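Worksheet for the structure shown next.
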Amino acid sequence: MPTESPTNELAKQYRPEEVERDVAKRWDEAKAFAASPQDSSRKPKAYSIVIPPPNVTAALHMGHALNNTLQDILIRWHRMLGDNTLWMPGTDHAGIATQTVVDKRLQNEGEPALKDYKQLEAEGKDGREQFIGKVQAWKDEYEAVITGQLKSMGCSCDWDRQRFTMDDQCAKAVREAFFRLFKDGLIYRGKRLVNWDPATQTALADDEVEMQDVDGQFYYMKYPVIDDEGKPTGEYVTVATTRPETMLGDTAVAVNPRDTARGQFIGKRVELPIVGRRIPIVGDEYVVIPDPESDDSKARMASGFLKVTPAHDPNDWEIGQRHALDVINVMAPDGTISRDHGWDDFENWLNSSHADKQTLDALLGQSREQARKTVVKWFEARDLMAEIKPYRHAVGHSYRSHVAIEPYLSDQWYVKVTDERLRGAAIDAMAPDQRQPLADAYEFERKLSREQLENDGVKLNVPGEKGATWQSELRFYPERYARTFQNWHENLRDWCISRQLWWGHRIPVWYATATAGDKTPIPIDSMKLPGKVTFNCLTEEENNTIVVQAMAGRDATGPTFAICVPPDCSEIERKLEAVGFTQDPDVLDTWFSSALWPLSTMGWPEDTAELQTWNPTNVLCTAREIITLWVSRMVMFNTYLHGKLPFKDVFIHAMIQDGHGQKMSKSLGNGVDPNDIIHSHGADAMRFTLTSMTTQTQDVRMPVDMVCPHTGQMFTPKFVTSGSSQSRVAAPIQDSPFAKGKKMTSSFGVASGQVKPTDDAPLARNTSEKFDYGRNFSNKLWNATRFALSKLAEAENTDGGGTGEQLSLADRWILSRTARTIEAVNKSLAEYEFHNYAGRLYQFVWNDVCDWYIEAVKPTISTPQGARSRQVLATVLDVSLRMLHPTMPFITERLWESLSAVAPKRGVRGLDPNENDLLVTADWPVADRALVDLHAEDIFEKLRTLITMIREVRTVNKVPPRECVEVSVKIAPDLVGEISPRQNIVESLANVKLVAIGDTIEKPADAAVIVRPMVEVYLHNQLDAEAEKSRLTKHLSDVTGQIKNLEGRLSNENYTKKAPAHLVQESRDKLTALKRELEAVKKQLAELG
RNA sequence: GGGCGAUUAGCUCAGUUGGCUAGAGCGCUUCCCUUACAAGGAAGAAGUCACAGGUUCGAGUCCUGUAUCGCCCACCA
């Protein structure tokens, strides 16, 4: 009875923190998220998602919250559908990013930092392991933070399976993958220019380089042309450059062979000023032909002669490769001019006629910047500087030290992703209808490459061909991202995977250097290792345990042997080291292990049940910037190594921006901790709001406010402009607008390392009004259920029946709406239209259930005649809770518990769930077509219109809401029979007494009136002639306008001829109704005088 | 420089293959602490759908161009 009723357990307002804690505990105890491959017999359909592993560099922000909410929705939905569902959690070691933040933290705290450990290492002591230990500690700390955040959000990952890209299982997968790719010739070592940071002296990945616009100069320098004997001919060629100092390393000048004005220079030579080096003029299509009229700024600036410095410019390197040019590096790793790092011909030209020994001596040791000045001065002094023009251009800078990046030549490992076995697979993976015709250049390359591979006896695993183990099923949502994916692959370059870092998977290759010509320098045989070493080839032994690749480096003293050791061969590693091999000091690019994520998490290379059940996964859910870095590489690796796609669908979601339209990111420091939002609004409110904001196109703008830690009130912080990118961020220190004199620190201040929270100035949490939307909805749902429980608690819990006569119009209407909502929701989720999913349920629960259904049944629900309505109400709420559960798991779980306690059977056949303790594993509702009742919906719609009309005329005539007044209704004859039996609903919802209803009702004197096409409502004794007149006049002009519009349309012969018949008929009907309405309005106006 | 996307009410955004006197939430105005909910209820005002052309019986929706903003990729000639 009521005193015992669970209604009383529910507070008047929804308080998320208690509910979230309790519900999380129930899920945990029930092991509700655990997945087992053995379940496959019981649940034949498998569903899986691997989490995009967050970097352990920092806590998660709202972008992650969005990403993981969407995944959780899909996971929870499929779990309820009865699929064998796995959400695999884990984190990413994020090589350079993590190493950098840890180094920074150590520096800030005055502890020994990276450079100190490097010093130790240089002294032969163990610095590397010690430093890795520090990073490991950081990783443990942040992994715990991240896991905590995901759990607070309600993410239903199978937490027992949590992985880390550097744990033993993932390490094994990395070793195996590297070994197999190496063995198959898909990994090689080569010289290439890397992004070198001269300040910190490490190579950087492309995405770690920040482009900044810099005001620079364009220098036009004249090089003298010489004849065959080396004598100046008196001619000069003028090269254009922004980097004069690199001329010291020039090994050619290039001209476009199609350049009619300059082509004759090809084949001649110039003498490089200062250095004296004699270098050729080569023809290369890369060179832009000058054209002062051109739209292309390059063509306007170009001189037609390009100085070629292969060691200091990536494009020049390519040109150098094409023309077999010397590569001369004139810089030391710290960016100073040096003859000791590959300036091999320094001496050769020193005594040539035009070498300037004095200047060269001065240049050695100068910084890049000084050297530039020296060179420019030299040219100017000799009248060899033709011109200097100002030029604004983008220059790469280190995101760490902020100095300009120096392209620097070094040995790196590459994955040959341009091989058809990798790139080809990525292209073939695409669903045919999302694929466009291939670019001609690639199409050609592809054909050649495949023929070559076939000739070499390499078997390709190509979809649609014999023996293929996978199909072209990769599909992007939204579709347009398929193009991004395809374009990226058509223009792909080999992937540099080595990084000069300590934090990461060490490259599993051991080297030894042999003297030139020595073909068996290493006594492998004597070690009784499986495998035979031969020079310059790969070994192919039965078990393929060891693979040797021989290489000759340009600057090496002799050929270098590289031995790749597969996993679980530590004994072999020791033996190699014993005979003088050393392991490559570099580590692998983070993305190498990330690329294996759908494999490594499932236990590959072992043939596990997990792998069989859940790879391919169903969908990858990610932000768009990662399509190239990650999606592509997973597709290539999964298909090559495992013969399966890593996933079928790729859903690309929006980016979260702050209130200034800036991307929310760690590097900017404007990220918002989801826990802050959970604190201010609750996890469900956050999730629901994020779900509603997830449309197909639009990035999400989230203005960020702060909560004063002294008073708990919300305010908009002061913003300042920060950094080279001029971004708008919250000032590190904020004054409390409420507590005078009190201060606080912003999360930006802390994230950017500018301030630390103190007792006097504590860290202020962030919040955002955006989430009021979800919070209000949570509360609405909470109270609607509270209402229902109070009614059900007093009522019997019958088994109920199917649909039938005893259902009222309102019952049939809401059940019809329910059935159609289920269908709509299923469709939205299947198509990854998350905002439609959330929006439809918002509208259903708030507008249909709360505003109309509950209000309509209120007068009768507690009476014996309300028994069926009680069942319908219980059912409708139950279905709502089940459908909302994926996006609002906590509140729905809690309310479902109470609902099940009071009404174990809801009572409408076809919609009752199976008995289950927890909503998280309950059945997803099935749409019963038999419940769809369009007639009931139509009649109810008319009632709604009538009630709204009455309310309007009441409001306009200032009738107090509590006053029950008399009305009479004139209505089209065919509606009388439908409306009059339900006049009690009208009376209750409009708070009126309906004294008369029919098609011949006369307007009483002194009645206010409202007119619609089929209806007129007379509000008795309420005439406010003035208000009435102005309202009717406006109405008249509205209707007249509409009539004019329709008449215009219908008088157009082309319309009546060409438009679909039903639309024309619709227009005619509408016109008729409007004309009737017009007459009625006119009549009323006339009566008013 | 190449590509993609956006521009709709004061704000944040929907608007499915063209059929629209264009919708929602917030904010705003008026009224109501009515026994689920004031984080609520009722009613209301508010838009030359960025701009200019075009296709069509009909354009927010399709095409072309312009402007502004955002993102991705490339680029130190």
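In what follows, chains are A, B, ... by sequence order, proteins preceding strands, each numbered from 1. These numbers come from a predicted model, not from an experiment.
Using modelled atom types and a 3.5 Å distance limit, the side chains of A:Asp197 and A:Ser398 yield a donor-acceptor pair. Under the 3.5 Å distance criterion, with hydrogens and angles disregarded, a donor-acceptor pair is assigned to the side chains of A:Arg894 and A:Ser898. For the 3.5 Å distance criterion, the side chains of A:Asp705 and A:Thr716 qualify, holding a donor opposite an acceptor.
Taking the P atom of each, B:A14 and B:G5 are spaced 15 Å apart, rounded to whole Å. Taking atom P in both B:C51 and B:U68, the straight-line distance is 16 Å, to the nearest Å. Distance check on atom P: B:C49 versus B:U8 gives 11 Å, rounded to whole Å. Taking atom C1' on both B:A52 and B:A59, the two are 15 Å apart, rounded to the nearest angstrom. Comparing the C1' positions of B:C63 and B:G2 gives a spacing of 22 Å, expressed to the nearest Å. B:C11 and B:G47 have their P atoms separated by 13 Å, given to the nearest Å. Spacing between B:G25 and B:A39 at atom C1', rounded to whole Å, works out to 14 Å. If you take atom C1' in B:C33 and the same atom in B:A42, they sit 14 Å apart, rounded to whole Å.
Among the atoms of the strands shown, base atoms are found under 4.0 Å from some heavy atom of A:Val287. Within 4.0 Å of A:Asn991, counting heavy atoms only, lies no atom of the nucleic acid at all. Across all strands shown, A:Pro407 has heavy atoms under 4.0 Å from base atoms, whether or not it also approaches the sugar-phosphate. Within the 4.0 angstrom heavy-atom criterion, no nucleotide atom of any strand lies near A:Pro703.
A cation-pi arrangement is present between A:Lys858 and A:Phe787 under the rule of less than 6.0 angstrom and at most 45 degrees off the ring axis.
Looking at A:Asp848 and A:Arg944, a side-chain N of the basic residue comes within less than 4.0 Å of a carboxylate O on the acidic one, giving a salt bridge. Salt bridge A:Lys1075/A:Glu1047: present, at least one basic N to carboxylate O contact under 4.0 Å.
Judged by atom type and distance alone, A:Gln13 reaches the base of B:A39 through a side-chain donor-acceptor pair under 3.5 Å. Remark: the A:Lys12 side chain and the B:C37 base include no donor-acceptor N/O pair separated by less than 3.5 Å.
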Exercise for the section: Applying salt bridge (charged side-chain N to carboxylate O under 4.0 Å, His left out), run through A:Arg243 and A:Glu406 and close with a yes or a no. Expected result: CA-CA 11 Å; A:Arg243 297 201 54 197; A:Glu406 185 65 39; 3.0 Å; yes
*asked:* Show, in sequence, the C-alpha distance, side-chain angles and deciding distance for A:Asn1052 and A:Arg1049, and conclude whether the side chain to side chain donor-acceptor pair (under 3.5 Å) test is met.
replied: CA-CA 5 Å; A:Asn1052 183 338; A:Arg1049 192 185 297 172; over 6 Å; no
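Checked against B:C71, B:C76, B:A36, the side chain of A:Asn783 finds its nearest nucleotide in B:A36. Distances from the side chain of A:Leu1063 to the nucleotides B:A36, B:G19, B:C76 place B:G19 closest. Of the candidate nucleotides B:C71, B:C33, B:A42, B:C33 has the atom nearest to the side chain of A:Arg962. When each of B:C31, B:G19, B:A36 is scored by its nearest atom to the side-chain atoms of A:Ala1059, the top-ranked nucleotide is B:G19. Taking the side chain of A:Arg480 as heavy atoms from C-beta on, and the options B:A43, B:C4, B:A36, the nearest nucleotide is B:C4. Relative to the side chain of A:Arg786, the nucleotides B:C4, B:C31, B:A36 differ in distance, and B:A36 lies closest. Picking from B:C76, B:G5, B:A39 the nucleotide with the shortest atom distance to the side chain of A:Arg775 gives B:A39. Here B:C76 is the nucleotide among B:C76, B:C4, B:C75 with the atom lying nearest to any side-chain atom of A:Asp313.
We find that CZ of A:Arg701 is positioned 9 Å from P of B:G70, with the value rounded to whole Å. Going from atom CZ of A:Phe777 over to atom P of B:A39 covers 18 Å, rounded to whole Å. Distance, A:Ile319 CD1 to B:C75 P: 13 Å, rounded to whole Å. Here B:A42 presents its C1' atom at 16 Å from CD of A:Glu963, a figure rounded to the nearest Å. Taking atom CD of residue A:Gln657 and atom C1' of nucleotide B:C11, one finds them 15 Å apart after rounding to whole Å. A straight line from CD1 of A:Ile656 to P of B:G70 spans 18 Å, rounded to a whole angstrom. Atom CG in A:Asp772 sits roughly 16 Å away from atom C1' in B:C37 (whole-Å rounding). Residue A:Asn779 contributes atom CG, which lies 14 Å from atom C1' of B:G41 at whole-angstrom precision.
Phosphate proximity of B:A43 to A:Arg954: absent, as no side-chain N or O sits under 4.0 Å from OP1 or OP2. The side chain of A:Lys858 contributes an N or O atom lying less than 4.0 Å from OP1 or OP2 of B:A36. Note on A:Arg951: a side-chain N or O is less than 4.0 Å away from OP1 or OP2 of B:A43. Checking the phosphate oxygens (OP1, OP2) of B:A14, a side-chain nitrogen or oxygen of A:Thr695 falls inside 4.0 Å. Contact annotation: A:Asn315 side-chain N/O to B:A74 OP1/OP2 distance is not under 4.0 Å.
Side-chain contact between A:Arg775 and A:Tyr14 is absent, with no heavy-atom pair separated by less than 4.5 Å.
To the nearest 0.5 Å, atoms CZ (A:Arg951) and CG (A:Leu946) are separated by 10.5 Å.
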Can you name the atoms? Protein N/O to nucleotides 23-26 of chain B N/O, anything below 3.5 Å, with the distance.
none

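Place A:Thr484 and A:Thr948 on RNA chain B by their nearest nucleotides, and A:Thr948 ends up nearer the 5' end. The residue among A:Asp851 and A:Ile854 whose nearest nucleotide of RNA chain B is located toward the 5' end is A:Ile854.
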Its dot-bracket string being built from Watson-Crick and G-U pairs below 3.5 Å, with | for another strand and [ ] for crossing, RNA chain B has the pattern (((((((..((((.....[...)))).(((((.......))))).....(((((..]....))))))))))))....
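Within 6.0 Å of atom CD in A:Glu963, more than 12 heavy atoms from other residues, nucleotides or ligands are found, so the atom counts as buried in its surroundings. In A:Lys958, the NZ atom is not crowded: 12 or fewer heavy atoms of neighbouring residues, nucleotides or ligands sit closer than 6.0 Å.
Between A:Tyr842 and A:Phe777, the ring-plane angle classifies as tilted under the 30° and 60° cut-offs.
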